[in-house]
Each structure stands twice: as C-alpha cells, then as structure tokens.
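What follows is a single structure, written as structure tokens, with notes after it.
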Protein chains: 2
Amino acid sequence: MGIAERKIRQKEEFKASILEAAWLQVLADGWQSLSIRKIADAIEYSVPVIYTHFENKEAILLEFTKEGFQKLADQLQGVKDQHSDPSVQLEAIANAYWDFAFEHKEYYQLMFGLGIPACEMVNQIAEMKVMTMIMISTIKEAIEGSENREADYFLKYHTYFSILHGIVSIQMIQKEGKPAEEKRMILQDAISGFIKSLIIK
Amino acid sequence: MGIAERKIRQKEEFKASILEAAWLQVLADGWQSLSIRKIADAIEYSVPVIYTHFENKEAILLEFTKEGFQKLADQLQGVKDQHSDPSVQLEAIANAYWDFAFEHKEYYQLMFGLGIPACEMVNQIAEMKVMTMIMISTIKEAIEGSENREADYFLKYHTYFSILHGIVSIQMIQKEGKPAEEKRMILQDAISGFIKSLIIK
DNA sequence: TACATTTGTTAACACCGTTAACTATTGTGC
DNA sequence: GCACAATAGTTAACGGTGTTAACAAATGTA
C-alpha cells in the first residue's frame, strides 16, 4: 500500500524542486527578481501548479526566512558550545552572527526585509553627509574632552550610527508590542553604554 | 519678459504637485504601494507627463530620500545646539534620531530601504525564537556571573541584538568599500563596549 | 467500460514601469 | 492674420508582475 506514500513523497519532491528553482533565481539575481513565472519556467511547468503547493509568493519567501533563522540559530549554538565563559560566548556569537549575515546575504536580507531601492542610492546621497558630519564632529569633541583621547573617532562614529539604526529598525520590524517608554529604554541603555566606552579608558 | 519665468515656475509647481500626490499615497498605504499610475490618477493627468518631470520612479523616491536626510540633519543639529557637553549632545542626538524615525516612519523606511515582505511576517516566525533563546540565555548567564546581577536581561538582549543588526545592515547598505578587516573592528568595538557595560557595575 | 478524481493546462484579470507614436495646443516669424 | 515650429499632453502599446477561473488530459476506482 505504498502508493499513497509515494504520492506524498512526490509532492514533497515537487515542493522541494520549486524551492530549489526559486533559490537559484534568488542567488543569481537577488530575491527581488524572484517571480512565480520564472520558477514555473525553471521547473518546466505552468504557473498555476505552484499555487497548488504554496498559497502565494509570500509563502515561498516565508519558507526561506524560516530556513534562514534555522541556519542562523544552528551556527550561533555551534560557536556558543565552543566556549564556556558567557562573555566570550557573547563575543563569539556576535562574530558568528556577522559571518552568517555576509556569507548568506540573501537569507539575511530576506529575514529582515532589507535592501530595496534605497540600497543602490544611499551611497550617492550628498544630503546624508550633513547628518554624518554632525555625528562625527560631536564624537570628535567628546573624545577630545575625555580621558580616552587616542580613540578612533571614525570607528566610533560607525559604532554609534550602527547602534542607532539597529535599534530603530528592529523596533520598526516588530510592529508595536511594547510601550514607547520601554522601547526608549533600549536606546537609553545602548547609548549610555556606548558613551561610557567612548569617554572612559 | 516674465513669461519664461512663469513657465519655469509652473514647471516647478507641477513637479511639486507630483511629489505631493506621491507623498499622500505613501502616507496612506506605505511607499511600496506607490505607483506612477496612481500619481497620474491623483493629479488628473496621463501617465507619461510624469516622465517629463522625473526620469523614473526611483527619481521620485530619491527626492523623498534627500528630503528625509535634510529633515533628519536639521533635527539633529537643532538638539545638538541645545547642549554644550558633547556627551550630553550624543545622548540628545540619539533621542532625536529615534524620534525622527518614528515620527516620520515612511521617510526612515525609504532612506534605509526598510520594510518589504518580511516586515509583516517576521513576527510570526517560530524559528526566530530559537535564536532569541540562545542570545537571552547567554546574556542571562553573563549577568549572573557578573558584579551587575540586577541588570535586566531582556533589556540587555534587545540592546545586544539591535547592535548586531544595526552593524550588519548598515554595512550591507554601504555596499563594499572598506576591507572586511576594518568592518569587523566596528563589530568588535560595539560588542566589547556592550559586554563591558553588561558585566561591570 | 463508465465515472470520478486528480493533475496540469490555457487564458484571462488587474495591476506595474516605461516608451513610441500621435494630436492638440501654444508661441514665433513673416 | 497665417504658416510653421515647438511644446504639452494624449492614447496605446510592450513586456513584466501575482493570482485565479475555466477547461482538458491523465489517472484511479467501481
């Protein structure tokens, strides 16, 4: 009575082949270029068959998002297990997180909804430099009036800016939830930590 | 001979009316819902007239991106001027940055290419919780073995995660540029600062 | 063999950005 | 005032997107 099981197996294989074709497209031209029609073309079936295996395009992307979080969690657990001191673990996890993001760029962008039009333009926006200069000059002044005068102000600027953007964009993704009061504390915590490490040796 | 000037002025007004219609659409349904056709509909002209004022859709979005950075820089400069101590300034700038992002969500998302499909789904992804748990448990352990045992581990987790994501996504937007060596230093700097403020009172 | 179910197809709908080809309107030189 | 050139604005199309209704072909069952 293996014929029902064979059918299920074939269905799974079909689903897998859809995901494989989709992933090849994502790797080739980024996930914004992914289209149902291209997938159908790649697997040499008509378009609607895809909808018998996935509710819609988003469901396909969701699959990759889950896969991404699984892979990421695996890698983080892996490096955590290599150390015993929690502080060292936190450092190792941070590095592994960074590695994952850049070794699996497509996954990461999908997981956090990154990289649309601005991606290409943000580099050539002169207007951004004003903001940059305000931040850099303030950091420079802070360093000069501190006991840590040999600090690299450009490095510190990047850190400062990255912390700000990280906090904002994470909170933007997690739509609502916590009250604003609580949210602001995260900012407060991160920035006070940054400033301390900036001005104290 | 004011007729040439009137023409220029009218052209400017037309351009402005396009941007205004576009912005209303963005405010109403987010910038992913913006389409040339909807703009044309709103200003009651045919589609191609828009292309006589803007090269393409991206140029319209670019206009808003510039506007956004200008507004942001203004606000940051404004709060910086209200203080004299650089450390206080850095804190005020951080708060103003946060305020800008959430008071002008659409601008911010445009400026940093945020919020595509994942935005809606990232909340309901069970797979993410594994990663979350790894980070939280490590932070908890670090706190318990530190001299700062009353630290809020959940707050610290958010800070940690936000810093990681911020560094990664900023570096992903600024495609290439610095060598990997230098990039990793930003991570190193931010994380070592975080860990210090985590375990030291 | 006759029927029902599954499987896959074609063709359409309603959108999208972009552009070529055309018309109506305006301004200019005679 | 009139013919001509320049401008402004139009329609209609091209090629693309996600999604689905209607249909045909293959398969399994009675």
Side-chain angles (χ1 to χ4, degrees), chain A residues 1-19 21-22 25-26 28-65 110 113 115-121, chain B residues 1-19 21-22 25-26 28-65 110 113 115-121:
Chain A
M1 213 14 89
I3 110 166
E5 279 126 25
R6 191 211 63 208
K7 283 215 168 184
I8 292 176
R9 203 173 56 237
Q10 282 181 337
K11 209 158 189 172
E12 288 299 317
E13 281 168 15
F14 204 140
K15 209 167 171 176
S17 81
I18 290 175
L19 290 174
Q25 180 61 38
V26 169
D29 290 323
W31 63 265
Q32 22 239 345
S33 87
L34 182 66
S35 87
I36 301 284
R37 283 177 159 89
K38 282 180 193 164
I39 298 174
D41 227 55
I43 62 175
E44 296 182 295
Y45 276 87
S46 69
V47 169
V49 297
I50 292 172
Y51 287 88
T52 66
H53 296 272
F54 294 93
E55 202 190 335
N56 50 29
K57 188 183 178 182
E58 204 183 345
I60 297 176
L61 295 182
L62 185 63
E63 210 72 20
F64 291 129
T65 305
L110 211 50
I116 346 314
C119 222
E120 304 297 313
M121 41 194 214
Chain B
M1 215 13 91
I3 110 166
E5 277 127 26
R6 191 211 62 207
K7 283 217 166 182
I8 293 175
R9 202 174 57 237
Q10 282 182 338
K11 209 158 188 170
E12 287 300 317
E13 281 168 15
F14 205 139
K15 209 168 172 176
S17 81
I18 291 175
L19 289 174
Q25 180 60 39
V26 169
D29 290 322
W31 62 265
Q32 23 239 343
S33 88
L34 182 66
S35 84
I36 300 286
R37 282 176 157 91
K38 282 179 193 164
I39 298 173
D41 227 53
I43 62 175
E44 297 181 295
Y45 275 87
S46 68
V47 169
V49 297
I50 292 172
Y51 286 90
T52 67
H53 296 271
F54 294 94
E55 202 189 335
N56 51 29
K57 189 183 177 181
E58 203 183 345
I60 296 175
L61 296 181
L62 185 63
E63 209 71 20
F64 292 128
T65 306
L110 210 49
I116 345 319
C119 223
E120 304 297 312
M121 41 193 213

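In what follows, every chain begins at residue 1, and chains take the letters A, B, ... in the order their sequences are listed.
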Handout entry: Side chain to side chain, B:Ile36 and B:Phe54, heavy atoms closer than 4.5 Å
Key = no
Practice task
For B:Ile36 and D:dT10, give me the distance from atom CD1 to atom C1', rounded to whole Å.
Solution key: 17 Å
Handout entry: Nearest-angstrom distance from the residue atom CD1 of A:Ile39 to C1' of C:dG8
Key = 17 Å
Problem - From D:dG18, D:dT19, C:dT9, nucleotide with atom closest to A:Val47 side chain - result: D:dT19
Handout entry: Nucleotide D:dT7, atom C1' - distance to NZ of B:Lys11 in whole Å
Key = 9 Å
Exercise for the section: Look at the side chain of A:Arg37 against the base of D:dG18 and say whether a donor-acceptor pair falls under 3.5 Å; ignore hydrogens and angles. Expected result: yes
Practice task
Determine the contact category for B:Ile50: base if any of its heavy atoms lies under 4.0 Å from a base atom, sugar-phosphate if only primed atoms, P, OP1 or OP2 are that close, otherwise nothing.
Solution key: nothing
Exercise for the section: Indicate, with a heavy-atom threshold strictly under 4.0 Å, whether B:Ile60 touches base, sugar-phosphate, or nothing. Expected result: nothing
Problem - Full working for side-chain contact (heavy atoms from CB on, under 4.5 Å) between A:Leu61 and A:Leu34 - result: CA-CA 9 Å; A:Leu61 295 182; A:Leu34 182 66; 3.8 Å; yes
Exercise for the section: Counting heavy atoms from C-beta on, name the nucleotide in C:dC16, D:dT19, D:dG9 closest to the side chain of B:Tyr45. Expected result: D:dG9
Handout entry: Rounded distance in Å - CD (A:Gln25) to P (D:dT17)
Key = 9 Å
Problem - First of A:Glu55 and A:Lys38 reached from the 5' end of DNA chain D, by closest nucleotide - result: A:Lys38
Exercise for the section: Starting at atom CG of A:Leu34, determine the distance to atom C1' of D:dG16, rounded to an integer number of angstrom. Expected result: 14 Å
Fill in the blank from the handout: Here the distance between atom P of C:dG17 and atom CD of B:Glu58, to the nearest Å, is 13 Å
Exercise for the section: Using a heavy-atom cut-off of under 4.0 Å over every strand shown, decide if A:Tyr51 touches base, sugar-phosphate, or nothing. Expected result: base
Exercise for the section: Report yes if some heavy atom in the side chain of B:Tyr45 is under 4.5 Å from a heavy atom in the side chain of B:Ile50; otherwise report no. Expected result: no
Practice task
For B:Ser35, report the nucleic acid contact type (base, sugar-phosphate, nothing); a contact means any heavy atom under 4.0 Å.
Solution key: sugar-phosphate
Exercise for the section: Kindly indicate whether the side chain of B:Ile60, heavy atoms from C-beta on, has any atom under 4.5 Å from the side chain of B:Ile39. Expected result: yes
Fill in the blank from the handout: Picking from C:dG8, D:dT10, C:dT18, the nucleotide nearest the side-chain atoms of A:Phe14 would be C:dG8
Completion exercise
Whole-Å distance, B:Lys57 NZ to D:dG16 P, equals 18 Å
Handout entry: Within 6.0 angstrom of A:Gln10 CD, more than 12 heavy atoms from elsewhere
Key = yes
Exercise for the section: Measure from CZ on B:Phe54 to C1' on C:dT19 and round the result to the nearest Å. Expected result: 18 Å
Handout entry: Residue B:Pro48, side-chain heavy atoms: nucleotide from D:dG18, D:dG9, C:dA20 that is nearest
Key = C:dA20
